[in-house]
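Below is one structure; the comments refer to it alone.
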Amino acid sequence: MHLTDEEQRLLDGEGGPARRAAMQLLVRYGTVLGAERLVDTNNVAGGGVASLPNRRDVVADPMDMDATFALLSLDSDETFEIPPVKANTFKLIEGMDPRHWQIQGVSERTKAIVERSQSFCGKLGISKCNTCTPYQVGNVPVFGEHCAWMESSAVIYINSVLGARTNCEGAQSTGAASLVGKIPYWRLHTPEGRRATHHVRVEHRIDDMMDWGLLGYWLGETLDDAIPVLTGDLGPGELRKLKHFGAAAATSGGIEMYHLVGRTPEAPTLDAALGGRPAREELVFTDAQRREAYANLNSATEPTVDFIMLGCPHNSLEQVRLIVRLLEGRKVHADTALWIFTPGALRDVADRQGYTEILQKAGAMLMSDTCPALGRVKPEGARVAATDSCKQAHYLPATLGLQTHFGTVEDCVESAIAGRWVGRLR
Ligand code: F3S
């Protein structure tokens with residue numbers, strides 16, 4: 001791999017042992033990928049110090065943040081002090097909601113680890129936005145900006161909708177990138193790596209959130225990690241719908257980028273999205289594929305619902321407002337918990353709007369910073385869940401052992417009130 005003089009000096013240790021370890025990791029990683037060089041980045045979204053339960057179990061002392069960062073974010077067994085980050089870095093999801101951690105079943109020990117991790121991130125200069133949707137709370141990369149982001153739903157959103165450039169990074173590569181402001185230049189950083197490979201003709205009208213989600217889920221199941229370009233009967237795709245769509249495509253498969261002809265910035269025409277080459281394959285999405293995706297997501301056999309999760313990826317304020325409208329003056333069933341997730345910064349706005357109070361009166365909880373699938377938080381004793389998110393419906397059975405119903409947000413709210421699943425595919 002070709003390194004600049006500055007990069008070579010960092011690799012030789014001029015910036016201290018942590019930045020040397022970061023460069024060693026990036027060079028190793030980039031060499032395996034076949035990257036010929038690194039590219040500068042000033043936009044990193046990563047784990048910071050991994051405080052999620054599935055990560056911290058591998059460290060000897062999760063309260064030792066320098067050692068935890070070295071191992072989990074730099075893949076190094078050495079012990080050294082972690083210096084402030086060089087690149088503008090945003091923290092993704094956390095292990096608990098600071099307000100509702102007890103309701104979420106979080107232990108005192110986990111709370112202590114999360115709080116230590118948070119203050120460590122602050123010391124390093126990592127922005128503690130604690131959401132899988134940094135683009136909803138102030139980190140909106142510009143067209144062509146080279147980024148180093150993890151979290152598949154965010155990666156696919158900024159590549160496709162904003163035209164920013166990132167591969168789906170991991171805790172280690174984002175940890176290293178944050179310290180040196182570099183990331184390997186390969187695949188989605190390159191113009192040729194962003195061209196569509198498959199053409200999908202959509203023949204069933206896609207309008208509401210659920211249909212966008214089902215289309216995305218089918219795409220991921222069918223194409224794995226290809227780059228599709230879509231044409232056909234696509235209704236308006238606002239932020240909340242494309243957030244849902246991309247999250248689903250990146251969950252059932254490994255899709256990191258898509259093009260919508262005439263909508264997304266690198267697809268003014270079908271030919272431009274394909275880069276002048278023919279598509280490797282042409283596919284068609286009809287109502288049959290939609291029904292197949294719906295059936296695959298509905299794993300619950302019991303009609304009762306004791307837990308409903310809304311907000312994966314984290315809800316926008318517009319989505320919170322819709323739930324408030326659906327719930328105002330009504331009451332969630334006594335045997336059902338309704339948890340709604342949004343970034344902490346948006347929950348502050350929801351507080352000011354009076355939404356949090358209305359939801360509380362209805363028996364629902366507005367939560368932030370974490371989510372059930374990754375934070376492993378759930379109401380005590382919950383067995384059967386429901387959600388409006390393909391991603392959450394995909395993960396809940398595996399990560400929390402919950403049978404899961406999937407439907408629209410309206411289906412979910414009505415089911416929360418009834419205490420049993422009332423959704424169906426229309
Ligand atoms: Fe976000 Fe958790 Fe879903 S991290 S995308 S709410 S699985």
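Ligands are counted one by one from 1 in listed order, and the atoms in each one are counted from 1 as well. One-based numbering along the sequence shown.
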Could you identify the single nearest non-hydrogen protein atom to [atom] and state the distance to 0.1 Å?
{"atom": "atom 2 (Fe) of ligand 1", "answer": "Cys371 SG, 2.3 Å"}
{"atom": "atom 3 (Fe) of ligand 1", "answer": "Cys312 SG, 2.3 Å"}
{"atom": "atom 7 (S) of ligand 1", "answer": "Gln392 NE2, 3.4 Å"}

Relative to each other, are the rings of [X] and [Y] parallel, tilted or perpendicular (30° and 60° limits)?
{"X": "Phe285", "Y": "His204", "answer": "perpendicular"}
{"X": "Trp212", "Y": "Phe245", "answer": "perpendicular"}
{"X": "Phe307", "Y": "Trp339", "answer": "perpendicular"}

Q. At under 4.0 Å between heavy atoms, which part of Ser153 makes contact with ligand 1: side chain, backbone, both or neither?
A.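 For Ser153, the contact with ligand 1 is made by the side chain alone.
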With atoms numbered from 1 as shown, which atoms in ligand 1 lie under 4.0 angstrom from a non-hydrogen atom of [X]?
{"X": "Ile93", "answer": "4 (S)"}
{"X": "Glu151", "answer": "5 (S)"}
{"X": "Leu374", "answer": "4 (S)"}
{"X": "Lys391", "answer": "3 (Fe), 5 (S), 7 (S)"}

Q | Rounded distance (nearest 0.5 Å) linking atom CG of Asn167 with atom NE2 of His146 | A |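 Here the interatomic distance stands at 11.0 Å.
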Heavy-atom donor-acceptor pair, [X] side chain to [Y] backbone, under 3.5 Å:
{"X": "Glu94", "Y": "Met96", "result": "no"}
{"X": "Thr342", "Y": "Arg347", "result": "no"}
{"X": "Asp306", "Y": "Val384", "result": "yes"}

Q: Could you tell me whether any N, O or S atom belonging to Cys132 is less than 2.8 Å from atom 3 (Fe) of ligand 1?
A: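 Under 2.8 Å: Cys132 has no N, O or S contact with atom 3 (Fe) of ligand 1.
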